[in-house]
4 protein chains.
Amino acid sequence: MSTDRSVSEKRQQILEAAVRVFARDGYHTSRVGDVAAEAGVAHGLVYHYFASKSALLEAVFTETWQGLLEAIGRVEESGGPAREQLRQVAAIVLRTWRRDPDLIRVLVREVARSPQVQVQADAIGEVLAPIQRIVERGQAADELRGDLDPRLASWIVWGALEELLTGWVLGRLPDGDEDVAAAERTVTDLLADGLVR
Amino acid sequence: MSTDRSVSEKRQQILEAAVRVFARDGYHTSRVGDVAAEAGVAHGLVYHYFASKSALLEAVFTETWQGLLEAIGRVEESGGPAREQLRQVAAIVLRTWRRDPDLIRVLVREVARSPQVQVQADAIGEVLAPIQRIVERGQAADELRGDLDPRLASWIVWGALEELLTGWVLGRLPDGDEDVAAAERTVTDLLADGLVR
Amino acid sequence: MSTDRSVSEKRQQILEAAVRVFARDGYHTSRVGDVAAEAGVAHGLVYHYFASKSALLEAVFTETWQGLLEAIGRVEESGGPAREQLRQVAAIVLRTWRRDPDLIRVLVREVARSPQVQVQADAIGEVLAPIQRIVERGQAADELRGDLDPRLASWIVWGALEELLTGWVLGRLPDGDEDVAAAERTVTDLLADGLVR
Amino acid sequence: MSTDRSVSEKRQQILEAAVRVFARDGYHTSRVGDVAAEAGVAHGLVYHYFASKSALLEAVFTETWQGLLEAIGRVEESGGPAREQLRQVAAIVLRTWRRDPDLIRVLVREVARSPQVQVQADAIGEVLAPIQRIVERGQAADELRGDLDPRLASWIVWGALEELLTGWVLGRLPDGDEDVAAAERTVTDLLADGLVR
DNA sequence: GATGAATGAGATTTCATTCAT
DNA sequence: AATGAATGAAATCTCATTCAT
C-alpha cells in the first residue's frame with residue numbers, strides 16, 4: 001500500500017536534500033553524490049528520478065516556484081486596493097525567507113544564473129506578470145500614478161524584494177521575525193510613497 | 001624593449017577576453033583554455049598573470065567595480081540634492097549596460113554566486129555604502145522622509161537598479177538608448193515619489 | 001494453469017527480443033533494459049530466465065546454432081556427391097539470411113567476438129567439423145583433389161560463406177531471392193572449380 | 001629539436017599501446033586507463049591526441065589499414081598474371097599475422113563490430129576493390145573464367161583470407177612460418193583451381 | 001512468476017594546473 | 001615572458017544486477 005506514495009517519497013527526499021545541499025555548497029560546487037548521501041539513498045537513484053544534475057536543479061525551481069506563484073495569484077484575485085496588494089506580495093515573498101531559508105538561498109543564488117537562460121527568464125517572467133497586472137489595475141482605478149510604465153515598475157518592485165532576500169542570504173541584513181516585518185513595511189512604504197518627503 | 005608595457009598588455013588582453021567569455025558562457029561553464037584562446041595567448045600564460053581561474057574572476061570584479069565605485073563616489077561628493085544624486089547614481093549604473101554589456105552580464109550573473117561569499121558580500125557592501133550615505137544626508141537635510149531605515153532603503157535602491165540590468169541581460173526589456181533613459185527616469189521617479197498618486 | 005507452457009513463452013519472447021535488439025544495436029551497446037522493453041516484460045524478469053546479459057547472448061547462439069548444425073548434419077548424412085553436399089551447405093547457410101536476417105546479424109557480428117573466446121571457438125569448430133568431413137570423404141572417394149589440407153579447406157569454405165553473409169549484413173551486396181540464389185551458385189562453382197579457366 | 005617529432009612520439013606510443021591492449025582484452029573490455037598505463041602516459045593525454053575511446057580504435061584502423069591497402073595496390077599495379085597476383089595478395093594478408101599478430105587480433109575481432117557500420121563497410125570496401133579489379137582484368141585477359149560475378153568473387157576471396165586469420169586468432173590453426181606458407185599455397189590453389197579434381 | 005525501484009561499482013571524459021623548454 | 005604538452009583528480013552518468021513486494 002505504501003508503494004503508491006513511496007514512489008514520490010524517495011523522489012521528494014532527494015528533492016529536499018538537493019535544496020539543502022545546493023543551499024549549503026552552491027549548485028556547481030556540490031556533487032550529485034552529496035545530494036544522494038544527504039537524502040540517504042544510493043548514488044544512482046537520483047538518476048532514476050531526474051535525468052541529470054541540472055534537471056534536478058530545474059525540478060527544485062519549478063516545483064517550488066509554483067507555490068509562490070499561486071500565493072501571489074491569490075493576492076491578485078482578492079481585488080483589494082493596489083497598495084494593499086503590493087504589501088501582501090511583499091509579505092509573501094519576504095516571509096518565505098523565514099519559512100525556508102535554504103530554498104531562498106538556492107533560488108536567489110541559482111535561479112538568475114541558470115545555464116539555461118530560458119529557464120530563469122521564464123521564472124522571472126511568471127512572477128512579474130501578476131505584479132505588473134496589479135500595477136496596471138491600480139493605475140486604471142486611479143489609485144496609482146499613471147505616468148510610470150507598469151512593466152518597468154514590476155521589474156523594480158521585484159528587484160527590491162529580491163535584493164532584500166539577497167541581503168539575508170549574504171548575512172548582511174538582520175533577519176529576525178521583527179526585522180522581516182520591518183523590511184516588509186519599509187519596502188511597501190518606499191515603493192508606494194517614495195523616498196522624498 | 002616594450003617589455004615594461006607589454007606586461008600589462010597581455011594581462012589586459014586576458015582580462016578583457018575573460019569578460020567576453022564569462023559573459024557568453026558563464027563563469028563555471030567556461031574553461032581557462034577558452035579565455036586563453038579568446039585572448040590569443042597560450043593556455044599557460046593565464047597562470048602567469050593570475051593565480052587561478054577564480055582569481056581571474058575576482059580580478060574582473062575588483063578592476064571594473066572600482067570604476068563604478070569611483071563614479072558613484074564623485075556623485076556623493078558633488079553634494080547636490082538627494083533626489084538628483086539618486087538620479088545620477090541610476091544613470092551611472094544603468095548606462096554601464098550600454099557601454100559594456102558583457103561586463104554587466106558577468107557582474108549580474110556571477111557576483112552573487114561567487115564561491116567566496118566574502119567577495120560578493122564585500123562588492124555589494126561597497127556599492128551600498130555611498131547610496132546609504134546619500135539617503136542619510138537627504139534625511140538629515142529634510143529632503144527625504146526620515147521614517148525609512150536608510151540601510152534597507154539602500155538595498156532596495158540597489159535591487160531596483162540591478163533588476164533593470166537583469167531585464168536587459170535576459171533580453172526581456174528593451175534596451176535602446178531611449179529605453180535606458182526612460183528606465184533611468186522611471187526608477188528615479190518611482191523610488192523618489194512612489195507608485196501611489 | 002497455463003504455467004507449464006508460459007514458462008517458455010516469456011522466455012522465448014525475451015530470447016527473440018534479444019535477437020532483434022542485439023541485431024539493431026550490437027551486443028555491447030544494447031542494455032538489458034532494452035531487451036526487456038522490446039520483449040514487453042519487466043526489467044528483472046530477464047534475470048529470472050537468464051543468469052546474466054552474456055548468458056542471454058550465449059543462449060541466442062546455442063539455441064539457434066543448433067538448427068544450423070542439424071541441417072548441415074542432415075546434408076552430411078545424405079551421402080550425395082561432395083560437390084552437391086557443399087552446394088547444399090551453402091544453400092543452408094546463405095538462405096538463413098532471408099529467413100532470419102536479425103539472427104545472422106547477431107551471429108556474424110558477435111559470434112567471432114564473444115569475450116569468451118571458448119564460446120566462439122566452439123561454435124565455429126562445430127560448423128567446421130562437418131564441412132571438413134565432407135571434404136575428407138570427397139577426397140577419399142576421389143571426387144575432390146587430395147593435395148589440399150581438408151582442415152584449411154573447411155576454414156576457407158566457411159570463410160567464403162560467412163563473408164557473403166557479412167556483405168548482406170553491411171548492405172554492400174544485393175540480397176533479393178535471386179541474388180541469394182546467384183551467390184549460392186557462384187560460391188559453389190568457385191570453391192569447386194576455381195577461378196582459373 | 002625533439003619537439004617536432006615528440007609530438008607524434010607520444011601519440012604513436014599510445015596508438016601502439018592501444019593495439020596491444022585491445023588485442024589482449026578486446027576493445028569493449030579494456031579501459032582507456034589501461035591504454036594510458038600501457039603507453040606509460042597519464043590518463044588524460046589520450047584525450048589530448050584522440051577525441052574519444054572510439055576515435056582511438058578508429059585511428060588504429062585507418063592508420064594500419066592504409067599499409068595493407070598500399071601493399072595490395074602495388075600488387076595490382078605490378079600487372080602479373082591474375083593467379084600470381086592473387087597469390088601475392090594472400091601472401092600480404094596472411095603474413096601480416098606473423099608480423100603483427102596483435103594488430104590482426106584487433107582488426108579481425110573489432111573491425112566488424114565497430115559501432116559505426118560505415119567505418120567497417122568502408123574498410124572492407126577498400127580491400128575488396130583491388131581484389132575485384134584483379135579478377136576483372138584476369139577475366140578480360142582470359143586467364144580467369146568469365147562466368148563468375150567478380151564482385152561476389154572478391155567477397156569470397158577476402159572471406160577465405162580473413163577466416164584463416166580468424167583461425168589463427170582463435171588458436172585453432174597452427175601458425176608457424178611453414179604453416180602460414182602452407183595456408184598461402186592452399187588458399188591460392190583452392191581459389192584458383194577449385195576443390196574438385 | 002513478475003515487477004521495477006534501488007544499488008553501487010566503474011567507466012569515460014573534462015579541465016584546472018604544472019612544468020619543461 | 002611565452003608556449004602547449006602533460007598530469008591526474010574528480011565528476012557525471014550508465015547499467016548490470018539484486019531484492020522487496
Side-chain angles (χ1 to χ4, degrees), chain A residues 1-3 6-7 9-11 14 28-36 40-56, chain B residues 2-3 6-7 9-11 28-37 40-56, chain C residues 2-3 6-7 9-11 14 28-37 40-56, chain D residues 1-3 6-7 9-11 14 28-36 39-56:
Chain A
M1 56 177 104
S2 72
T3 315
S6 68
V7 169
E9 258 174 42
K10 291 271 172 130
R11 206 192 109 102
I14 293 170
H28 276 100
T29 313
S30 38
R31 291 157 296 165
V32 173
D34 295 339
V35 174
V41 301
H43 208 155
L45 192 59
V46 174
Y47 288 89
H48 188 75
Y49 288 112
F50 304 95
S52 67
K53 189 187 171 188
S54 78
L56 180 55
Chain B
S2 68
T3 318
S6 69
V7 169
E9 261 174 40
K10 291 268 172 132
R11 205 191 110 101
H28 274 100
T29 313
S30 26
R31 292 159 297 173
V32 173
D34 293 340
V35 174
V41 302
H43 201 151
L45 192 58
V46 174
Y47 286 87
H48 187 73
Y49 290 111
F50 303 93
S52 67
K53 187 187 171 190
S54 77
L56 184 54
Chain C
S2 67
T3 318
S6 67
V7 168
E9 261 174 40
K10 291 269 171 133
R11 205 192 110 102
I14 293 171
H28 274 99
T29 312
S30 28
R31 293 159 295 174
V32 172
D34 294 340
V35 174
V41 301
H43 201 151
L45 192 59
V46 174
Y47 286 88
H48 187 74
Y49 290 112
F50 303 94
S52 68
K53 188 186 171 189
S54 77
L56 183 54
Chain D
M1 57 177 104
S2 72
T3 315
S6 68
V7 170
E9 258 174 43
K10 291 271 171 128
R11 204 193 110 102
I14 293 170
H28 276 101
T29 313
S30 37
R31 291 156 296 164
V32 172
D34 295 338
V35 173
V41 301
H43 209 153
L45 193 60
V46 174
Y47 288 90
H48 188 76
Y49 289 112
F50 304 94
S52 66
K53 188 187 171 189
S54 79
L56 180 56

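Letters A, B, ... are given to chains in the order of the sequence lines, protein chains preceding strands, and every chain is numbered from 1. Nothing here was measured: the structure is a model prediction, and the numbers come from that model.
Remark: C:A37 engages no residue in a side-chain contact (heavy atoms from CB on, under 4.5 Å) (not counting sequence neighbours). Residues satisfying the side-chain contact (heavy atoms from CB on, under 4.5 Å) criterion with C:A42, sequence neighbours excluded, are absent altogether.
Comparing A:G40 and C:V41 against DNA chain E, the residue whose closest nucleotide sits nearer the 5' end is C:V41.
No side-chain heavy atom of A:K53 sits under 4.5 Å from any side-chain heavy atom of A:L56.
For the pair D:K10 and F:dA5, the criterion of a side-chain N or O lying under 4.0 Å from OP1 or OP2 is not met. Under 4.0 angstrom from either OP1 or OP2 of F:dA5 there lies at least one side-chain N or O belonging to D:H48.
Remark: the backbone N or O of D:Y49 is not paired with any side-chain donor or acceptor of D:K10 at under 3.5 angstrom.
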task: Report, as a single string ordered 5' to 3', how protein heavy atoms within less than 4.0 Å touch nucleotides 13-19 of chain F: B base, S sugar-phosphate only, - not at all.
output: BBSSBB-

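With rounding to the nearest 0.5 Å, the separation of OG1 in D:T29 from NE2 in C:H28 is 5.0 Å.
The nearest whole Å value for the distance from the CD atom in D:E9 to the C1' atom in F:dG4 is 17 Å.
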message: Only Watson-Crick and G-U wobble pairs with both distances less than 3.5 Å should count. Give DNA chain E in dot-bracket notation, marking inter-strand partners with |.
response: .||||||||||||||||||||

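Across E:dG8, F:dT7, E:dT3, the shortest atom-to-atom separation from the side chain of D:A42 is found for F:dT7.
Between B:H43 and B:A36, the shortest heavy-atom contact is CA-CB, 3.8 Å. The shortest non-hydrogen separation linking C:I14 to C:V46 is CD1-CA, 4.1 Å.
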